[in-house]
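All remarks here apply to the structure that follows.
The model shown is predicted, which means the values in this text are computed figures rather than measured ones. Atoms within a ligand are numbered from 1 in the order they appear, just like the ligands themselves.
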Amino acid sequence: MNQTEKHRLKIGIPRALYFYKYGPFWTAFLEFLNCDVKISGPTTSVIVEEGTKDANSELCIPIKIYFGHVKNLLSEFPDLDYIFIPRYVSSHKEQFFCPKFLILPEAVKYGLKFDTPIITLEINVKKNSEHESAINFGKILGYNQETMIKAWDYANQKFEEFQDKAYEGDYIELLDELDTNPKHKRKKKKLKQFIPEAIRGKFMVNILVLGHSYNVYETHINRDLIGRLEAMDCNVTTIEKLPKSEFSEKITINEQYHQYWQSEDEILKTARYYLRDGKNTIDGVIFLISFACGPDSLIQEIVMRDMKKRKISYLDLVLDEHSGESGLITRIESFTDMIRRKKYN
Ligand code: SF4
């Protein structure tokens, strides 16, 4: 008997980490399998505090936030059948995800200690094809191979549709649309306009915001960075706005060192694109980095040096649970002012 014949499984997804990238895939995949998907609400100070309390203090802030979202899901939906915690090992044969993604289900299980079972979808193309991953997941829910392959292909198609929409549209709004819970609806924040009305729109600057999707689109922890830049008359572009074809070429740092962290690879490819073909389309780069992130600190130096060599203004912002709003605003305001003076003087 599969679960459609029993009862509709209620599965919770924490709105953190790769939800910001693969959320559209996961929700489509689980909904195809007739699951009732519950997503935790947008990040709040309470969620960050709760996550910080239980996570090891040396962990990066995105993982602490993830812990907070798991706790939030458990308290908002105490009747969940499962919490969905995927394990991303590798989706390209020559690359790995950050080790934190490899151990995420265990880190949550032993870090938080709760009774609701965890259900894991493991993505590891070094070991299994993607369809095999889906089939293994289906065994837990009692679905046959054919259904799981259909579920995977359906989710993939929905994921591609999402990426095409996000290429043109507002990424954060599109992600929010995955959650239909009215309690989680965000009110649009009215951000202070920094540019006097008389000259608004006349001295625009173009900024590339680099970083993991869970830093770039996590508006609580980055203090609405994209919205604030827009309120400072900046056109903002991100990795998601780069044509997909730009991610097919392999990145080699030098003969000894080949880039094998998958997310960092995307960041480096985006940086390289804007150093070559897209050079004249940006005026500055902001790199959002998580405090205590090993992979980020490895490539931060490379990105910074490359940008400086090509005389593209560069700023890095390190995010942690103590990052204050006023410090961030001051830094981005002076950065964009400096670029504006250089560009229009
Ligand atoms: S890549 Fe960095 S920020 Fe992301 S989970 Fe790993 S350590 Fe944390």
Over 12 non-hydrogen atoms of neighbours within 6.0 angstrom of NZ in Lys343: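 Atom NZ in Lys343 is packed in, count exceeds 12.
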Numbering as shown, the atoms of ligand 1 that approach Cys98 to under 4.0 Å (heavy-atom distance): 1 (S), 5 (S), 6 (Fe), 7 (S)
Numbering as shown, the atoms of ligand 1 that approach His212 to under 4.0 Å (heavy-atom distance):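 Matching atoms, with element in brackets: 1 (S).
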Nearest non-hydrogen protein atom, atom 2 (Fe) of ligand 1: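 Residue, atom and distance for the closest contact: Cys293 SG, 2.3 Å.
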Distance from atom 3 (S) of ligand 1 to nearest protein heavy atom, with residue and atom: Ser290 OG, 3.2 Å
Face-on cation placement of Lys192 at Phe194 ring, 6.0 Å and 45° thresholds: yes
NZ/NE/NH1/NH2 to OD/OE distance under 4.0 Å, Lys269 and Asp265: yes
Non-hydrogen side-chain atoms of Lys38 and Glu76 separated by less than 4.5 Å: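 When only atoms from C-beta onward are counted, Glu76 and Lys38 do not touch, as no gap falls below 4.5 Å.
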Closest candidate by heavy atom, reference atom 7 (S) of ligand 1, pool Glu264, Lys64, Lys100: Lys100
Selected option - heavy-atom contact closest to atom 1 (S) of ligand 1, from Phe97, Phe101, Tyr214: Tyr214
Whether Cys60 has an N, O or S atom under 2.8 Å from atom 8 (Fe) of ligand 1: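 So Cys60 counts as coordinating atom 8 (Fe) of ligand 1, yes.
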Centroid-centroid distance, Tyr154 to Phe32, less than 6.0 Å: yes
Ring geometry between Tyr22 and Tyr18 (parallel below 30°, tilted from 30 to 60°, perpendicular above 60°):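 Ring orientation of Tyr18 relative to Tyr22: perpendicular.
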